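Heads up, the thing below is written out as structure tokens.
Every chain is numbered from 1, with letters handed out A, B, ... down the list of sequences. Just so you know, these numbers come straight off a predicted model, no measurement behind them.
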Amino acid sequence: MKFKELSQVFTKLSSTTKRLEMTAILEDFFKKLKCEDIGFVVQLCMGKVFPANDPKELGIANNMMIETLAITGGVSVEDVKKLWKIHGDLGETAKYVIGKKKQVTLYSNDLTLDKVKENLYKIPDMTGKGSVEKKLKIVSELLSNADPEEALYLTRIVLGSMRTGVGEGVVRDALGKAFNVTSDDIEKAYNLCTDYSYVSETLCKNPKNISNIKLKLFSPIKVMLFKKVSSVKEGFEEVGKPAIIEVKYDGMRLQIHKLGNEVRMFTRNLDEVTRQFPDAVKYIKESIKANECIIEAEMVGFNPKTDKPEPFQQLSTRIKRKYDVDKLSKDLPVKIFCFDLLMLDKKSFLDDNFEERHNKLVSIIKPNPNIMIAKGIKTDSESDAEKLFTEGIKEQEGVMFKNLKAPYQAGSRVGFGVKLKSHMTELDLVITEAYYGKGKRRDWFGSFTLSCLDPDDGKYLSIGKLGTGFSDEQFEELTKKLKPLVMKENNEKVVLTPSVVVEVEYEEIQKSPTYDSGFALRFPRLIRFRNDKKPDEIATISDVEELA
DNA sequence: TATGTCTGCCCC
DNA sequence: ATTCTGC
DNA sequence: GCAGAATGGGCAGACATA
């Protein structure tokens with residue numbers, strides 16, 4: 001198959017924002033595909049070369065892609081960066097650069113899907129000295145054989161984001177329509193194998209066979225997510241009364257698979273982290289009294305001397321670690337707080353209700369100081385819930401509300417469970433820099449550097465960036481307001497005269513190695529503009545120190 | 001050898 | 001992670 | 001309400017370069 005055919009489908013998809021239309025376009029296309037092509041095509045539609053549970057990665061992002069475009073298009077890196085700023089998208093930039101070049105060189109339409117696959121599949125194995133150069137060349141080879149439209153999508157594929165409006169949901173529905181299977185059945189199969197290339201190949205060969213895709217030990221499944229609510233009352237409204245309310249720990253999600261003496265652990269995004277946490281493996285073997293099971297838990301880092309929880313930042317030093325793993329398990333031991341049971345001795349518990357899963361879980365965990373059931377209560381009392389929340393936000397993030405009747409369902413669904421987090425009081429800060437937006441924010445500034453005030457010398461100290469909480473209207477308004485304040489301009493950002501004051505909300509003030517103030521906000525978001533405030537009326541560095 | 005830059009369906 | 005938006 | 005697409009801080013590892 002020619003890559004051009006696929007490119008044309010992407011262009012068609014880009015022309016609409018209606019999900020039903022996208023579904024219909026993909027349905028038609030999927031029906032025409034050969035079974036040996038469909039898996040790869042489905043991945044590309046979602047902008048991922050490899051399925052999520054596959055540890056292979058390309059290791060190419062914006063900067064390497066800019067370099068590749070410069071080399072392939074015969075222009076300077078600076079020029080590509082300028083074009084990127086104008087287009088707000090490296091794919092569009094690629095289209096332009098390749099288009100310019102094709103005006104002077106001859107183009108032969110010979111790029112095939114197989115060739116694209118062949119080259120992209122070689123990339124993860126390119127490691128060691130000189131590998132960056134090799135990766136550039138192999139992407140460049142594809143771009144050289146691409147027409148402008150193909151260059152656009154090749155670039156987006158490599159960067160991992162198609163921006164066509166197609167994601168897992170649209171793929172699910174289109175596969176359903178194409179192979180006459182319900183979206184529900186497809187989603188169920190996908191949640192268990194976490195691989196739409198496999199699901200689509202299975203469907204293509206024989207749609208009936210997707211019922212053979214079952215929960216499998218040592219194969220991570222998609223996890224359940226929880227929406228946010230802002231009060232105890234709302235929490236109960238979402239999940240009903242009574243509910244189980246549990247402490248929400250500030251650590252990392254852990255999916256534990258155990259068979260006899262073999263244990264493997266996965267992150268929320270399906271990456272394996274068994275090697276990084278030998279201490280956790282030991283606790284699991286000692287304290288989980290089941291031969292075969294899949295359990296969900298939150299893992300938290302602790303200070304070995306004080307036995308107090310450490311901030312998430314500390315735990316994160318262990319997550320991707322390859323060296324000094326044993327030293328870290330002594331310096332920052334973890335504790336495991338189990339909260340759900342997905343499988344026990346060959347039986348899937350996914351369709352059992354939460355209360356039953358929880359009871360079973362309690363029965364197989366022999367608690368000790370390092371591994372236990374997440375702290376929680378079953379109650380219909382708002383004051384009891386309030387009490388646990390108050391307790392929960394002292395050392396941890398907040399609480400979860402869980403519907404006793406809910407089955408285990410991946411993704412976030414209304415009515416199954418919610419989280420209630422603490423949030424800090426707001427801060428008034430001034431905007432001192434702005435960054436050009438990408439994609440749908442291409443015409444505006446898309447994010448901003450915030451600063452607090454040092455009253456001693458009247459200088460502004462940066463304390464992090466802000467890029468969410470704005471409506472489109474607010475982006476428009478703010479961009480207009482900031483343009484006249486630009487003092488210095490470079491490719492990706494502008495430096496501004498401090499003038500515009502914003503109120504931001506955040507979860508926590510962290511120590512920061514990156515910002516002038518020495519602090520940064522965790523999960524910052526805009527609450528409102530403070531047009532009534534002048535930049536010298538904002539939070540001072542000592543205010544920030546006190547809150548930290 | 002030391003430092004800087006880039007990357008991650010990263011973790012949150 | 002949070003948030004906004006079209007459907 | 002769902003799904004998709006914008007955007008946040010900060011970490012270790014890998015590679016390039018000084």
Side-chain angles (χ1 to χ4, degrees), chain A residues 16-22 43 46-64 67 88 126-133 135 159-173 194 225 227-228 250-253 267-271 273 276 298-299 311-324 328 397 411-415 419 421 423 435 437-442 444 446-448 450 463-475 504-515 519-527:
Chain A
T16 179
T17 53
K18 295 183 168 65
R19 287 215 300 266
L20 288 175
E21 258 176 54
M22 294 186 225
Q43 284 300 130
M46 299 184 300
K48 305 293 163 192
V49 174
F50 303 105
N53 63 2
D54 188 332
K56 288 200 269 296
E57 52 193 35
L58 297 181
I60 302 174
N62 291 340
N63 286 292
M64 273 176 74
E67 181 97 31
M126 294 176 169
T127 57
K129 208 173 165 181
S131 56
V132 169
E133 193 70 29
K135 289 182 183 182
L159 295 179
S161 168
M162 293 311 290
R163 301 197 34 247
T164 55
V166 172
E168 291 178 350
V170 174
V171 162
R172 174 199 61 208
D173 294 346
T194 64
L225 300 171
K227 302 214 124 148
K228 245 180 83 161
D250 186 16
M252 67 180 283
R253 191 94 173 245
T267 68
R268 167 190 142 137
N269 289 319
L270 318 174
D271 274 339
V273 286
Q276 290 92 316
E298 187 83 5
M299 182 162 67
F312 172 77
Q313 263 177 300
Q314 289 299 309
L315 179 66
S316 75
T317 65
R318 293 194 57 183
I319 297 171
K320 298 206 84 187
R321 184 166 288 276
K322 281 174 83 169
Y323 311 106
D324 299 325
L328 263 288
E397 282 193 321
S412 55
R413 286 201 172 53
V414 162
K419 57 187 171 188
K421 294 177 58 155
H423 67 85
Y435 293 78
K438 306 280 183 293
K440 64 182 172 191
R441 296 188 193 167
R442 86 190 74 196
W444 308 315
S447 65
F448 310 89
L450 301 177
I463 189 171
K465 294 202 289 181
L466 176 68
T468 192
F470 300 84
S471 66
D472 290 357
E473 213 176 327
Q474 285 175 310
F475 274 118
V504 295
E505 190 179 62
Y506 56 93
E507 297 296 325
E508 187 182 23
I509 293 178
Q510 316 170 286
K511 283 224 160 106
S512 167
T514 10
Y515 294 105
F519 295 97
L521 309 181
R522 191 183 190 194
F523 312 143
R525 58 260 194 191
L526 177 81
I527 295 301

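- Under the 4.0 Å criterion applied to side-chain N and carboxylate O atoms, R522(A) and E507(A) are not assigned as salt-bridge partners.
- Nearest-nucleotide positions on DNA chain D for G439(A) and E133(A) put G439(A) closer to the 5' end.
- An OP1 or OP2 oxygen of dC7(C) is reached within less than 4.0 angstrom by a side-chain nitrogen or oxygen of T17(A).
- Contact check, N63(A) against dT7(B): a side-chain N or O comes under 4.0 Å of OP1 or OP2.
- Along DNA chain C, the nucleotide closest to K18(A) and the one closest to R441(A) are compared, and the more 5′ of them pairs with R441(A).
- Using a cut-off of 4.0 Å between Lys/Arg side-chain N and Asp/Glu carboxylate O, K421(A) and E508(A) are scored as not salt-bridged.
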Pairing string of DNA chain D (Watson-Crick or G-U wobble, both atom distances under 3.5 Å; | = paired to other strand) is ||||||||||||||||||

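- Between N269(A) atom CG and dC12(B) atom C1' the separation is 10 Å, expressed in whole Å.
- Residue T267(A) places its side chain closer to dC11(B) than to any other of dC11(B), dA3(D), dA6(D).
- In terms of position along DNA chain C, the nucleotide closest to R268(A) lies nearer the 5' end than the nucleotide closest to the other residue of the pair F470(A) and R268(A).
- Not counting sequence neighbours, the partners of R442(A) by the side-chain contact (heavy atoms from CB on, under 4.5 Å) test are R163(A).
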Could you go over nucleotides 8-12 of chain D and give all protein N or O partners under 3.5 Å, atom names and distances?
residue: dG8(D); atom: OP1; partner: S447(A); partner atom: OG; Å: 3.4
residue: dG8(D); atom: OP1; partner: K465(A); partner atom: NZ; Å: 3.4
residue: dG8(D); atom: O3'; partner: K465(A); partner atom: O; Å: 3.4
residue: dG9(D); atom: OP1; partner: K465(A); partner atom: N; Å: 2.9
residue: dG9(D); atom: OP1; partner: Y515(A); partner atom: OH; Å: 2.3
residue: dG9(D); atom: O3'; partner: Q510(A); partner atom: OE1; Å: 3.3
residue: dG10(D); atom: OP1; partner: K511(A); partner atom: O; Å: 3.1
residue: dG10(D); atom: OP1; partner: S512(A); partner atom: OG; Å: 3.3
residue: dG10(D); atom: OP2; partner: S512(A); partner atom: OG; Å: 3.1
residue: dG10(D); atom: OP2; partner: T514(A); partner atom: OG1; Å: 2.6
residue: dC11(D); atom: OP1; partner: Q313(A); partner atom: NE2; Å: 3.1
residue: dA12(D); atom: OP1; partner: R321(A); partner atom: NH2; Å: 3.4

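- Distance CD/Q276(A) to CE/M252(A): 8.0 Å, rounded to 0.5 Å.
- Note that K465(A) lies in the cation-pi zone of Y435(A), set by a 6.0 Å cut-off to the ring centre and a 45° limit from the axis.
- A close approach under 4.0 Å does not occur between any side-chain nitrogen or oxygen of K440(A) and OP1 or OP2 of dT7(D).
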So F523(A) and Y506(A), ring-ring contact (aromatic ring centres under 6.0 Å, His included) or not? Walk me through it.
CA-CA 5 Å; F523(A) 312 143; Y506(A) 56 93; over 10 Å; no

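- The phosphate of dC2(D) has OP1 or OP2 within less than 4.0 Å of a side-chain N or O from K227(A).
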